[in-house]
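Sequence lines set the chain letters: A, B, ... in the order given, protein chains first and strands last, and positions in each chain run from 1. Note that the coordinates shown come from a computational prediction; the quantities given were computed from them, not determined experimentally.
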Amino acid sequence: MYGGDFDGNAAFAGGGFMPSQATTQAHESSSSLKNRDVRTLLPLTLKQLSSASTTGESNFSIDGVDIKTVVIVGRISRMENRITQVDFVVDDGTGWVDCVRWCHARQETEEMEAVKLGMYVRLHGHLKIFQGKRSVNVFSVRPVTDFNEIVHHFTECMYVHMYNTKLRGGSITQDTATPRPQMPYSTMPTPAKPYQTGPSNQFPNQFNDSMHGVKQTVLNYLNQPMHIVSEAGVHCDIIARELRIPLLQVKEALEQLSNDGCIYSTLDETCFKSTANA
Amino acid sequence: MDTSSPAAFVNGALLRRYIGQKVRAVIQVIRSDVGSVIGKSTDDQQIVVKGSPQPPLTTYLEVIGIAETDNTIRAEVWTNFGDSFDVQNYNELCKLANGEFRHLFI
């Protein structure tokens, strides 16, 4: 279905910081995942954190994903202010963990002053192990003010767990049965997470009868950073295949978007690029 | 770190599974008596929470404590959850945390 001798894979291979087209459309290769996993921000329950497997002092993994930075939401059940750091214990109902927040700059001290014993907080930190004891080296603590955030956090923990165990490493059948909330739909400029909640919401659009939905979907697709940095744009066959929208509809949407000034054709009348700036 | 005494997310129906164990529930306060608070669980059942929280209480209240009977919790920790809280979401979380995703919680 490729037009002429246009090689989509070659065209996208040099696409800057995003994985190449070849790796995103296939089941993503482990090397590209590895690269992104290094920077993951992983929401976990403390039960999950305590069951994470470890190979050394700071190499943890869970559900096949390396743990780098964790997100925990829980209640501060003990707290001790020291000269250079605050030691505290966070309990999220599934367990508790010792935490250290080093306070050097004034901003760090002020951040910790807002946090009191008994408060619910959301924290970001690194999981450490020392003499067999796990603790978290915290670099951000924020009091929870809307308590729906607690529900949201645990829901996210379940979602990410399911994503990492079922969707990503899942079989072909699972893959085709459920829309893949994966890379191809990324609208985020920095895809640091191995999963993305936003994109999946856009999938309902794909079989929408109204042309508007298809147009928006196609535009979102072309607005992905990797397509914006690509010189050659994206071939309409690839758009149709990636979005699972019939080619005729894609072509119609492309024509309308082109008339609207949202996109323009590049190599020929079959390859398109968004007019948005990267 | 320790995960030996988790507090299970419960609604009214799930409370009876944890009698004698630690639970956490969000209730909508109906009235406050001496030594107890009467409230509505996220699945609309009446729950008695024993203990004396520090007033003032907001509409929604999280209690962590021991499940004594199928409608009583002896509270150890009270947290005001404010006046706008989505109980349906919490109720669904209770079900998932005791069902398909139980192993992530307890």
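Taking the charged nitrogens against the carboxylate oxygens, B/Glu76 and B/Lys22 have no contact shorter than 4.0 Å, which rules out a salt bridge. Taking the charged nitrogens against the carboxylate oxygens, A/Lys68 and A/Asp66 have no contact shorter than 4.0 Å, which rules out a salt bridge. By the 4.0 Å N-to-carboxylate-O rule, A/Glu80 lies too far from A/Arg78 to be salt-bridged with it.
Of the two parts of B/Phe9, only the side chain, counted from C-beta on, holds a non-hydrogen atom closer than 4.5 Å to a non-hydrogen atom of chain A. Interface residue B/Leu104: backbone and side-chain heavy atoms are both found under 4.5 Å from chain A. Contact annotation for B/Glu62: only side-chain heavy atoms (C-beta onward) come within less than 4.5 Å of a heavy atom of chain A. There is no contact between A/Ser135 and chain B, counting heavy-atom distances below 4.5 Å. With a threshold of 4.5 angstrom between heavy atoms, B/Val77 approaches chain A through side-chain atoms but not through N, CA, C or O. Contacts between B/Ser4 and chain A at a heavy-atom distance below 4.5 Å are absent for every atom of the residue.
B/Asn91 and B/Asn11 share a donor-acceptor pair across their side chains, judged by distance under 3.5 Å alone.
Here A/Asp92 is the residue among A/Asp92, A/Val89, A/Asp98, A/Thr155 with the most heavy-atom pairs under 4.5 Å with chain B. For the set A/Arg75, A/Met119, A/His152, A/Lys133, the entry with the most heavy-atom pairs within less than 4.5 Å of chain B is A/Arg75.
Proximity of A/Ser51 to A/Leu49: side-chain heavy atoms (C-beta onward) are nowhere separated by under 4.5 Å.
Using a 30° and 60° split on the angle between ring planes, B/His103 and B/Phe101 fall in the parallel class, below 30°.
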